[in-house]
Amino acid sequence: MKLEEDVQLAKLTTIGTGGPARAFARPSSLAELEWTLAWAAERGLSVATVGLGSNLLAADDGVDALVLKLAGALASVRVEGETLAAGGGATNAVCLHQARAAGLGGFEFACAIPGTAGGGVRMNAGAYGSDWSQILIRARVLSSEGDVWMTPGDLGLSYRHSALGPGFVVAEVEYRLTPRPVDEIKATVAELITQRKATQPTNKRTFGSVFKNPEHELGAGRMLEACGLKGHASGGAIISPRHANFIENAGGATTADALALMAEARRRAREQFGVALEHEVQLLGPIELPD
Ligand SMILES: Cc1cc2nc3c(=O)[nH]c(=O)nc-3n(C[C@H](O)[C@H](O)[C@H](O)COP(=O)(O)OP(=O)(O)OC[C@H]3O[C@@H](n4cnc5c(N)ncnc54)[C@H](O)[C@@H]3O)c2cc1C
């Protein structure tokens, strides 16, 4: 199992920012994953897992942790009857492809979520009225404390939330899908992608939704738009002119640039709407978001 040093997190996140990881590994089997977890535990080093980095903001100064990206068997997908079994590092695109090839529906909602199975569990990712909690049978979670299968209830899945802490790695998942004609799956996916393209920046470097939708008649995007923040920039980062709950890397952005925009957005939402926006994007490394 090869351990690397100074791997830049900017290469592992969709926004393209972030400094070096203290150590980095791509475990490709359960045995390799167990070995890396033990290696980190022996050194008192914390562990962070990166999927596609599609909801991740990593510190510019880097992360004093062992960063893992699951590969090989831990990123593979197979269909068994109406169950789709995937490694934690399997991309949603590959899962959807395999489900469609097997004539299984239920995963279409994830067609525009550019993450992995493990990231989907951790975030309880969702769209168009569905989320991971509705398809997940169970997830195999490894940590320095052991190896357990957890149900959505055990994982505490709720709106863009799970109870999984850092150091707990989703190594495998099982999704419960249902037979559906391939043409219907294709038609649903095409319709959802069209909807997505009409409302969100799909060809820019972003990390998806910045904030969770608050308990308010306005979603986070509409609220920040009403605050006049569309197109507001800091350094190389800009609040998307298309959807105000997205931050784009317009060229040379840093994590500090994105954080400055997030702080400004929170300040304005609090002042104009009395709402404390909670960030959806996950922060990796020594990052403080001012109140
Ligand atoms: C253009 C765009 C559109 C998006 N649309 C949506 C959407 O519609 N709905 C939605 O919910 N999200 C959306 N997102 C956000 C993102 O794609 C999801 O949150 C996704 O599930 C994150 O998966 P990931 O593998 O990239 O995780 P990462 O971003 O790499 O990590 C996110 C969190 O999950 C943890 N994690 C990752 N893998 C594992 C693992 N194997 N075990 C344990 N923890 C792990 C990380 O440590 C981190 O805390 C969008 C993002 C982009 C860029």
Side-chain angles (χ1 to χ4, degrees), residues 9 11-18 21 26-27 30 33 36-37 46-58 63 65-71 74-75 86-95 108-134 136 139-143 150 155 157-173 192-193 195-197 199-213 219-221 240 242-243 245-249 279-285 287:
L9 289 156
K11 294 199 175 131
L12 300 172
T13 56
T14 52
I15 186 80
T17 67
R26 292 178 191 267
L30 284 171
L33 177 55
T36 52
L37 292 171
S46 57
V47 172
T49 311
V50 169
L52 281 191
S54 62
N55 210 356
L56 206 55
L57 199 48
V63 180
L66 168 65
V67 174
L68 302 177
K69 185 169 170 72
L70 306 183
L74 299 182
T91 63
N92 298 337
V94 169
C95 290
E108 296 87 329
F109 75 90
C111 64
I113 305 179
T116 61
V121 172
R122 169 65 187 79
M123 301 304 300
N124 189 23
Y128 309 111
S130 294
D131 62 24
W132 250 243
S133 72
Q134 295 173 41
L136 185 71
R140 186 173 192 170
V141 179
L142 269 70
S143 70
M150 299 175 80
L155 290 157
L157 299 187
S158 59
Y159 171 55
R160 303 299 171 267
H161 169 85
S162 72
L164 276 183
F168 289 80
V169 184
V170 176
E172 292 178 42
V173 306
L192 295 180
I193 297 279
Q195 273 185 44
R196 187 57 73 111
K197 284 186 177 159
T199 54
Q200 294 182 8
T202 50
N203 58 352
K204 307 279 182 190
R205 302 201 72 166
T206 74
F207 45 72
S209 295
V210 181
F211 298 104
K212 295 183 184 183
N213 284 321
S240 173
R242 173 160 272 216
H243 191 304
N245 198 27
F246 283 75
I247 290 175
E248 298 174 4
N249 183 343
H279 59 89
E280 179 171 323
V281 61
Q282 298 299 296
L283 308 178
L284 184 57
I287 292 181

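Order of appearance sets the numbers: ligands from 1, and atoms from 1 within every ligand. For this chain, numbers begin at 1 and follow the sequence in order. These numbers come from a predicted model, not from an experiment.
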Has [X] got a side-chain atom pairing as donor or acceptor with [Y]'s backbone, closer than 3.5 angstrom?
X: N245; Y: S209; result: no
X: R160; Y: G126; result: yes
X: D131; Y: A125; result: no
X: N124; Y: W132; result: yes

Query raised in the report: Per the side-chain contact (heavy atoms from CB on, under 4.5 Å) rule, which among L37, V141, L164, L74 passes with V169?
Result: L37

Query - Other residues, nucleotides, ligands: >12 heavy atoms within 6.0 Å of K212 NZ - result: yes

Dump all N/O pairs between ligand 1 and the protein below 3.5 Å as a table: atom names plus distance, one pair per row.
from: ligand 1; atom 1: 5 (N); to: R196; atom 2: NH1; distance (Å): 3.1
from: ligand 1; atom 1: 8 (O); to: R196; atom 2: NH1; distance (Å): 3.3
from: ligand 1; atom 1: 8 (O); to: R196; atom 2: NH2; distance (Å): 2.7
from: ligand 1; atom 1: 9 (N); to: G126; atom 2: O; distance (Å): 2.7
from: ligand 1; atom 1: 11 (O); to: G126; atom 2: N; distance (Å): 2.9
from: ligand 1; atom 1: 11 (O); to: G126; atom 2: O; distance (Å): 3.3
from: ligand 1; atom 1: 11 (O); to: R160; atom 2: NE; distance (Å): 3.2
from: ligand 1; atom 1: 17 (O); to: S54; atom 2: OG; distance (Å): 2.7
from: ligand 1; atom 1: 19 (O); to: N55; atom 2: ND2; distance (Å): 3.3
from: ligand 1; atom 1: 25 (O); to: L52; atom 2: N; distance (Å): 3.2
from: ligand 1; atom 1: 25 (O); to: T116; atom 2: N; distance (Å): 2.9
from: ligand 1; atom 1: 25 (O); to: T116; atom 2: OG1; distance (Å): 2.6
from: ligand 1; atom 1: 26 (O); to: L52; atom 2: N; distance (Å): 3.1
from: ligand 1; atom 1: 26 (O); to: G53; atom 2: N; distance (Å): 3.2
from: ligand 1; atom 1: 26 (O); to: S54; atom 2: N; distance (Å): 3.0
from: ligand 1; atom 1: 26 (O); to: S54; atom 2: OG; distance (Å): 2.6
from: ligand 1; atom 1: 29 (O); to: S54; atom 2: N; distance (Å): 2.9
from: ligand 1; atom 1: 29 (O); to: N55; atom 2: N; distance (Å): 2.7
from: ligand 1; atom 1: 30 (O); to: G51; atom 2: N; distance (Å): 2.7
from: ligand 1; atom 1: 30 (O); to: G53; atom 2: N; distance (Å): 2.8
from: ligand 1; atom 1: 38 (N); to: G119; atom 2: N; distance (Å): 3.4
from: ligand 1; atom 1: 41 (N); to: V170; atom 2: O; distance (Å): 3.1
from: ligand 1; atom 1: 42 (N); to: V170; atom 2: N; distance (Å): 2.8
from: ligand 1; atom 1: 47 (O); to: T49; atom 2: O; distance (Å): 2.6

